[in-house]
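Structure first, commentary second.
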Amino acid sequence: MTADELKQLVRTVPDFPEPGIQFRDITTLIGNGAGLAATVRLLAADAKKAGAQAIAGMEARGFIFGAAVAVELGLPFIAVRKPGKLPVKTIGVDYALEYGTDRLEIDPDAVDAGQRVVIVDDLIATGGTALASVELLRMAGAKADHALFVIDLPDLGGAQKLGAADVAVSALMEFEGD
Ligand SMILES: O=P(O)(O)OC[C@H]1O[C@H](OP(=O)(O)OP(=O)(O)O)[C@H](O)[C@@H]1O
Ligand SMILES: Nc1ncnc2[nH]cnc12
């Protein structure tokens with residue numbers, strides 16, 4: 001399945017979770033077995049090209065694709081979690097979302113010093129989530145310089161924000177006009 005065919009599997013829901021947001025919903029993409037498999041294969045090929053030694057995924061939608069890519073490549077998976085979920089002393093970063101604010105945390109021991117960690121998430125909008133993840137992974141000693149997404153919303157400037165932090169961004173598809 002091509003990236004263009006995968007794009008047809010993403011559902012757009014207007015005004016969710018608040019008025020004015022065009023929600024690009026991956027539920028329909030992952031609900032298609034061939035679509036899910038093709039998405040994971042394409043992301044895994046990009047992660048391999050980026051020299052990934054580990055994959056990091058952000059709770060919750062980043063876990064779906066990130067863990068699958070890690071399995072496909074036989075690499076470790078690092079869980080970037082929402083606050084209060086990890087049972088150990090964490091490091092954390094607060095960040096702004098397209099809608100609201102949040103915080104992400106990791107177990108610093110999940111990262112090896114100098115390890116090249118490639119970030120995988122379903123979607124980049126403002127880039128706040130991905131940038132917070134890059135900061136966290138770098139604080140823990142990782143080389144975090146590649147981030148892969150299923151969907152980029154280029155109008156929200158996330159890829160530029162990551163570029164300014166020396167992170168190369170790639171996405172399988174874009175939705176404009178958000
Ligand atoms: O580029 P940004 O503006 O930071 O937005 C993108 C993030 O927003 C969504 O996650 P959300 O925080 O809604 O959580 P979820 O995965 O638990 O649904 C999405 O899965 C990305 O992680
Ligand atoms: N427009 C959007 N659609 C789906 N997930 C998102 N996360 C942030 N913005 C989003």
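Numbering of ligands and ligand atoms starts at 1, following listing order. Since this is a predicted model, take the numbers as computed values, not measurements.
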Residue pair Asp166, Asp145: steps toward the side chain to side chain contact (heavy atoms under 4.5 Å, CB included) verdict: CA-CA 6 Å; Asp166 294 319; Asp145 51 14; 5.9 Å; no
Using the test salt bridge (Lys or Arg N to Asp or Glu O under 4.0 Å), find all partners of Arg138 that sit at least two apart in sequence or belong to another chain. none
Heavy atom of Gly158, distance to ligand 1 below 4.0 Å: no
Can you find a heavy atom in the side chain of [X] that is under 4.5 Å from one in the side chain of [Y]?
X	Y	value
Glu105	Leu136	no
Val169	Phe149	yes
Asp25	Val10	no

Polar atom proximity, Gln22 to ligand 2 (N or O, under 3.5 Å): yes
Side-chain donor/acceptor pairs under 3.5 Å, residues 47-71, sequence neighbours excluded:
| residue | atom | partner | partner atom | Å |
| --- | --- | --- | --- | --- |
| Gln53 | OE1 | Arg116 | N | 2.7 |
| Glu59 | OE1 | Arg81 | NE | 3.0 |
| Glu59 | OE1 | Arg81 | NH2 | 3.3 |
| Glu59 | OE1 | Lys82 | N | 2.8 |
| Glu59 | OE2 | Arg81 | NH2 | 3.2 |
| Arg61 | NH1 | Asp122 | OD2 | 2.9 |

Only heavy atoms of Ala125, strictly under 4.0 Å: list the atoms of ligand 2 that pass. 8 (C), 9 (N)
What atoms in ligand 2 come closer than 4.0 Å to a heavy atom of Leu123? 3 (N), 4 (C), 5 (N), 6 (C), 7 (N), 8 (C), 9 (N), 10 (C)
Checking heavy atoms under 4.0 Å, the part of Thr129 that sits near ligand 1 is both
With heavy atoms and a 4.0 Å threshold, my read on which part of Asp122 contacts ligand 1 is side chain
Do any nitrogen or oxygen atoms of [X] come within less than 3.5 Å of a nitrogen or oxygen of ligand 1?
X	result
Ala125	yes
Asp121	yes
Ile124	no
Ala60	yes

Is a side-chain donor-acceptor pair under 3.5 Å present for Thr2 with Asp4? no
For Leu153, which part has a heavy atom under 4.0 Å from ligand 2: side chain, backbone, both, or neither? side chain
In ligand 1, the atoms that come under 4.0 Å of a heavy atom of Leu97 are 4 (O), 5 (O), 8 (O), 12 (O)
From the options Lys82, Met58, Arg61, Arg24, select the one whose nearest heavy atom is closest to atom 12 (O) of ligand 1. Lys82
